[in-house]
Number of protein chains: 2
Amino acid sequence: MKIGELSKHANCKIETIRYYEKIELLPKPLRTDGGYRIYNESHLKRLVFIRRSRELGFTIEDIRVLLQLVDGGSYSCNDIKLIAIKHINDIRQKISDLKKLEKTLSRISSKCSGNSTPECPIIDALYSSK
Amino acid sequence: MKIGELSKHANCKIETIRYYEKIELLPKPLRTDGGYRIYNESHLKRLVFIRRSRELGFTIEDIRVLLQLVDGGSYSCNDIKLIAIKHINDIRQKISDLKKLEKTLSRISSKCSGNSTPECPIIDALYSSK
DNA sequence: CTAAGCTCTGTATTAACTACAGAGTCAACA
DNA sequence: TGTTGACTCTGTAGTTAATACAGAGCTTAG
């Protein structure tokens with residue numbers, strides 16, 4: 001299968017596929033005489049794995065570790081679980097930070113009259129000298 | 001005040017201050033004969049405004065708009081409130097996305113025995129052919 | 001055989017900084 | 001006055017995870 005077809009099956013842009021090859025997440029595929037990349041099912045599975053992991057918010061480096069474990073064939077369920085749990089904790093932290101942010105912003109902007117005068121509590125809150 | 005002092009007062013790295021000058025968020029300060037930047041109180045206030053806004057998650061471009069409104073002197077409370085509300089909505093969306101993510105990951109990883117066998121539901125979920 | 005459509009490489013861009021290298025400046029102290 | 005150490009300067013490159021080209025070459029249906 002050529003890169004365009006892989007792209008459709010994996011729901012991943014062509015440039016991204018080439019990018020993953022360059023950073024060595026995807027193995028180099030065979031080429032036609034003309035230089036076109038030719039992929040097989042195992043490339044597709046691997047690419048789907050990568051995309052799914054990205055969608056779950058794993059970084060490329062997380063994924064590299066996961067793939068190395070899988071490639072090595074020596075991974076244990078525990079290895080994987082540790083990575084996942086760390087990631088879940090990161091996500092929870094982000095959620096908590098964003099909630100704080102939202103509260104602060106909502107509080108500031110609720111004081112705002114929303115009229116056409118040039119007095120604005122939001123600006124005051126941001127710009128005040130202390 | 002020299003850049004190091006400004007940096008301490010505004011809690012902002014020196015490189016970042018120079019960066020803000022380069023992208024024209026901060027006005028160019030006067031210089032000593034030797035070429036050192038010399039700042040005054042109004043630079044400090046502006047830098048604090050920028051840092052505070054960044055901490056609240058506004059983008060540089062958001063801040064540029066806010067500052068232009070303030071600089072123009074013609075802003076209205078309503079102008080500012082619209083920007084803030086849009087931003088609050090963006091944050092709520094992000095929180096909701098992250099919560100979904102967290103749920104999915106928690107669900108997958110709770111199936112994981114966490115033992116030393118090479119069978120792992122996390123990998124299976126990511127790597128399965130469909 | 002030709003034209004449309006696909007793919008190639010390589011480089012530049014995005015956001016918001018951060019991290020140097022190598023040079024120059026300033027202030028205090030002897 | 002000389003020197004040392006701390007500070008600052010410019011300019012460039014790196015970070016993350018792609019995305020967006022230009023300009024060339026390949027493939028295949030008709």
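In what follows, chains carry the letters A, B, and so on, assigned in the order in which the sequence lines appear, proteins first and then strands, with residues in each chain numbered from 1.
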Is any side-chain nitrogen or oxygen of [X] closer than 4.0 Å to OP1 or OP2 of [N]?
X: A/Tyr19; N: D/dT16; answer: no
X: A/Arg18; N: C/dG10; answer: no
X: B/Thr59; N: C/dA15; answer: no
X: B/Arg31; N: C/dT25; answer: no
X: A/Arg37; N: C/dT7; answer: no
X: B/Thr16; N: C/dT18; answer: yes
X: A/Arg51; N: D/dA18; answer: yes

Would you mind telling me which of D/dT10, D/dT12, C/dT7 lies closest to the side-chain atoms of B/Lys22?
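Given the options D/dT10, D/dT12, C/dT7, the side chain of B/Lys22 is closest to D/dT12.
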For a quick check, tell me whether the side chain of A/Tyr36 and the base of C/dC6 share a donor-acceptor pair closer than 3.5 Å.
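Such a pair exists between side chain and base.
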Roughly how many Å is it from [atom1] in [X] to [atom2] in [N], rounded to a whole number?
X: A/Glu15; N: C/dA12; atom1: CD; atom2: P; value: 17 Å
X: A/Lys8; N: C/dG5; atom1: NZ; atom2: P; value: 13 Å
X: B/Ile50; N: C/dA16; atom1: CD1; atom2: P; value: 12 Å
X: B/Glu24; N: C/dA15; atom1: CD; atom2: P; value: 16 Å
X: B/Arg54; N: C/dA15; atom1: CZ; atom2: P; value: 11 Å
X: A/Ile17; N: D/dA18; atom1: CD1; atom2: P; value: 12 Å
X: B/Asn11; N: C/dC17; atom1: CG; atom2: C1'; value: 15 Å
X: A/Ile60; N: D/dT19; atom1: CD1; atom2: C1'; value: 14 Å

Just wondering, are more than 12 heavy atoms of other shown residues or ligands nearer than 6.0 Å to CG in B/Leu30?
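No, not enclosed.
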Sugar-phosphate, base or nothing in reach of B/Tyr20, heavy atoms under 4.0 Å
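Contact class for B/Tyr20: sugar-phosphate only.
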Counting the atoms with a prime plus P, OP1 and OP2 as sugar-phosphate, which does B/Ile14 contact under 4.0 Å by heavy atoms, base, sugar-phosphate, or nothing?
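Sugar-phosphate, no base atom in range.
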For residues B/Ile83 and B/Ile80, determine if any side-chain heavy atom of one lies less than 4.5 Å from a side-chain heavy atom of the other.
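The answer is no, as the side chains (C-beta and beyond) never meet within the 4.5 Å cut-off.
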Under the criterion salt bridge (charged side-chain N to carboxylate O under 4.0 Å, His left out), I'd like the reasoning laid out for A/Lys86 against A/Asp90: C-alpha separation, chi angles, the key distance, then a yes or no.
CA-CA 6 Å; A/Lys86 186 188 165 309; A/Asp90 287 352; 3.1 Å; yes
Toward the 5' end of DNA chain D, by each residue's nearest nucleotide, B/Ile3 or A/Gly35
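Comparing both residues, the 5'-ward one is B/Ile3.
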Heavy-atom pair of closest approach, residues B/Ile14 and B/Gly4
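In this case the closest contact between B/Ile14 and B/Gly4 is CD1-CA, 4.1 Å.
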Please determine, by modelled atom types, if A/Tyr39 and A/Arg46 share a side-chain donor-acceptor pair under 3.5 angstrom.
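No, because no side-chain N or O of A/Tyr39 sits under 3.5 Å from a partner of the opposite role on A/Arg46.
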